[in-house]
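Residue numbers start from 1 in every chain, and the chains themselves are labelled A, B, ... in the order their sequence lines are given, proteins ahead of strands. Since this is a predicted model, take the numbers as computed values, not measurements.
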2 protein chains.
Amino acid sequence: MIADHLGLSAAAVSRVLNGAPAAKSIPKPTQDRILAAAKQFNYRPNVLARSLRRGHSMTVGVLLPEVSEGYATLVLAGVEQALLQAGYVFYLVSHHHQAERVENAQTMFVERFVDGIVAIDTVLARHTELPTITVSCPDEQEGMTNIVLNHRRAAELAIDHLSGLGHREIAFIKGQAFSSDTEPRWQAIRHAASRAGITVDPLLVASLEGDSPTHEPGYFAAQRLLASGSSFTALFTFNDVSAIGAIRALREAGLRVPQDVSVVGFDDVQSAAFQNPGLTTVRQPLKTMGMLAAETLVQRIAAPPEHPAPKQLVIDPEFVVRESTCPPAPRRKT
Amino acid sequence: MIADHLGLSAAAVSRVLNGAPAAKSIPKPTQDRILAAAKQFNYRPNVLARSLRRGHSMTVGVLLPEVSEGYATLVLAGVEQALLQAGYVFYLVSHHHQAERVENAQTMFVERFVDGIVAIDTVLARHTELPTITVSCPDEQEGMTNIVLNHRRAAELAIDHLSGLGHREIAFIKGQAFSSDTEPRWQAIRHAASRAGITVDPLLVASLEGDSPTHEPGYFAAQRLLASGSSFTALFTFNDVSAIGAIRALREAGLRVPQDVSVVGFDDVQSAAFQNPGLTTVRQPLKTMGMLAAETLVQRIAAPPEHPAPKQLVIDPEFVVRESTCPPAPRRKT
DNA sequence: CGCCTTTGGGCAAACCTTTGCCTAAACCGA
DNA sequence: TCGGTTTAGGCAAAGGTTTGCCCAAAGGCG
């Protein structure tokens with residue numbers, strides 16, 4: 001269209017606008033005319049046509065469990081920032097931990113020629129040819145890089161903190177089975193506990209149930225722990241929202257946090273610092289992990305890795321002490 | 001490709017697969033062959049090519065302030081669900097309330113041939129030809145529909161609740177200037193207050209400052225209110241996260257909520273019910289608003305509205321009483 | 001047998017760029 | 001003057017669908 005106006009061919013225009021090497025055979029004045037006309041008409045190449053021809057779309061697909069949930073959206077914030085910076089845009093789709101939705105999303109992604117995939121807390125439905133980076137996903141598929149937390153370290157931080165305060169009777173709330181972090185973190189906790197000489201009472205282990213991403217599962221899990229009859233002076237939950245839900249259950253049962261029960265959360269979501277009491281928690285640098293994922297992905301898109309892609313990028317957690325933990329009361333039964 | 005395999009033309013394949021009217025001149029057996037082959041090869045038409053030809057992309061652009069923030073992502077959840085149901089996918093971009101980022105996003109949207117735009121709590125940078133639905137946006141551009149809360153009703157619910165409990169000295173935390181709801185809601189509050197015979201002490205009005213979407217602005221705003229020297233028995237904040245931040249500031253100042261100060265939030269985000277104390281708040285049906293926005297948009301994409309599009313869809317709030325409000329103490333100065 | 005109508009589907013343009021290959025003119029040196 | 005090189009950009013294919021228009025063969029009717 002701009003070519004017609006100048007009496008040139010579309011080829012020339014394309015070359016100049018893209019700074020193609022072949023453009024060096026086009027004299028400066030002509031180039032300037034093209035540039036000027038492009039500016040004048042506010043010309044934008046049709047991205048669809050370009051993608052069709054070039055075979056890539058400058059788009060990536062992002063998968064997460066819930067679109068409105070603290071954990072994944074904090075990762076997403078990092079992903080977005082890094083992606084934008086690199087000139088990519090993304091499709092977002094949530095799957096609510098349903099395999100079918102993941103599957104559909106994956107086919108949608110290939111249909112629409114995304115250049116890569118970022119999957120947050122997601123188990124992929126099948127192997128994909130597309131460059132893929134996962135955040136907190138369990139399976140190690142061929143050639144895909146996984147950004148994971150150092151669970152070992154995370155568990156030690158929490159257990160050593162509680163153990164250092166004098167707690168021996170510690171209750172746990174595990175994650176849902178579908179959550180990728182649940183198993184590795186639980187392994188790490190068992191390991192850290194035994195290292196600290198703490199035995200894990202099976203009666204003091206509850207799991208989050210249901211697929212609600214809200215506080216309720218933690219609330220009910222804590223109620224089950226209280227009903228189990230075993231006493232405990234501390235509680236370590238799978239994440240912060242569960243912790244908040246659990247604290248409510250504890251309080252409703254007449255227990256004070258932290259005087260009667262210390263509570264340690266996980267993630268350090270934005271609201272953790274503003275809880276009452278402020279939540280002691282294991283901080284995951286979620287935004288950083290998201291940025292790392294996106295950066296790794298665009299790198300991989302630009303240049304496929306030489307031989308075997310690095311399988312894992314391990315991120316270290318921090319521990320944040322606030323008000324929800326203290327030494328156990330000298331004597332008290334739940 | 002599938003055409004070659006069957007010795008047919010791409011045209012025939014296209015017509016059959018799309019159930020085009022012209023397909024009726026193709027006999028059943030041939031149609032079956034095409035369908036079978038498509039299934040066998042798991043054939044997916046190239047969406048890029050199709051969009052290029054058809055002139056629409058089955059994609060919409062979604063704009064919001066922050067990707068990890070309770071309010072907008074709850075709306076987003078509704079948008080996503082309705083969009084998915086209608087077969088659309090979306091680009092997500094956050095703008096952090098920066099006009100330039102909104103502008104860039106808008107040009108990106110037209111470059112990529114989105115079929116429409118959903119803008120959540122966003123002031124658009126310029127007029128757009130694209131079908132656009134906004135949620136909680138102030139400006140009434142030609143032909144664009146805005147989903148808004150019934151601020152009048154919302155303010156009355158909160159003010160009448162506090163006034164009914166006996167509160168007369170009420171402090172307020174207004175939203176940031178860039179937030180679309182700030183002005184209309186404030187107008188509504190003044191109106192409701194005067195209707196209830198309550199005078200608004202200018203010293204008892206603070207505004208959220210800074211563009212952080214977290215609890216801090218509310219925390220600092222509450223501190224400024226406390227420092228103002230005027231006493232108050234109740235506080236009505238712009239949203240729940242501010243309320244949570246404010247509660248922390250109050251508590252740090254030695255005030256108990258609700259015994260010394262009642263607090264009413266706004267939105268009813270997921271964590272509101274699990275705060276300590278549980279937050280009394282004005283509930284916006286955010287997910288519903290998101291769904292409504294998306295449904296209205298796809299409708300408008302399918303069939304441009306007859307003449308003048310309805311300008312506004314007004315949604316009614318609910319009031320949720322929890323534990324952060326109670327009658328004021330008989331006598332107490334802050 | 002000749003004409004008309006279905007039947008069955010092909011042709012090619014259009015959507016818009018990108019890119020490998022090519023060429024016509026000009027210029028330059030011998 | 002002639003051959004070679006550079007200049008300046010054009011040609012056309014390719015990427016995969018969609019769709020308006022067209023046509024050939026077959027069948028039906030008079």
Open item on the list: With no hydrogens and no angle check, just 3.5 Å: does a side-chain donor-acceptor pair link B:H56 and B:S51?
Closed with: no
TODO: From the options D:dT18, D:dG9, C:dT18, select the nucleotide whose nearest atom is closest to the side chain of B:N18.
DONE: D:dT18
TODO: Could you check whether the rings of A:F41 and A:H5 sit parallel, tilted or perpendicular, using 30° and 60° as the cut-offs?
DONE: perpendicular
Task: Check: B:Y91 ring centre within less than 6.0 Å of A:Y91 ring centre - done: yes
- [ ] Determine the contact category for B:T30: base if any of its heavy atoms lies under 4.0 Å from a base atom, sugar-phosphate if only primed atoms, P, OP1 or OP2 are that close, otherwise nothing.
- [x] sugar-phosphate
Task: Residue whose closest nucleotide on DNA chain C lies nearer the 5' end, B:F113 versus B:G7 - done: B:G7
Give me, pair by pair, the N or O atoms of the protein and of nucleotides 22-28 of chain C that are less than 3.5 Å apart, along with how far apart they are.
none

Could you pull out the protein-nucleic contacts involving nucleotides 3-7 of chain D (nitrogen or oxygen on both sides, under 3.5 Å)?
none

Task: Other residues, nucleotides, ligands: >12 heavy atoms within 6.0 Å of B:E129 CD - done: no
Open item on the list: Counting only heavy atoms from other residues, nucleotides and ligands, does the tally under 6.0 Å from NE2 of B:H127 exceed 12?
Closed with: yes
TODO: Give a yes-or-no answer on whether the side chains of B:E80 and A:S94 include a donor-acceptor pair shorter than 3.5 Å.
DONE: yes
Please list, for nucleotides 11-15 of chain D, all pairs of protein and nucleotide N/O atoms separated by less than 3.5 Å.
from: D:dG15; atom 1: N2; to: A:A49; atom 2: O; distance (Å): 3.3

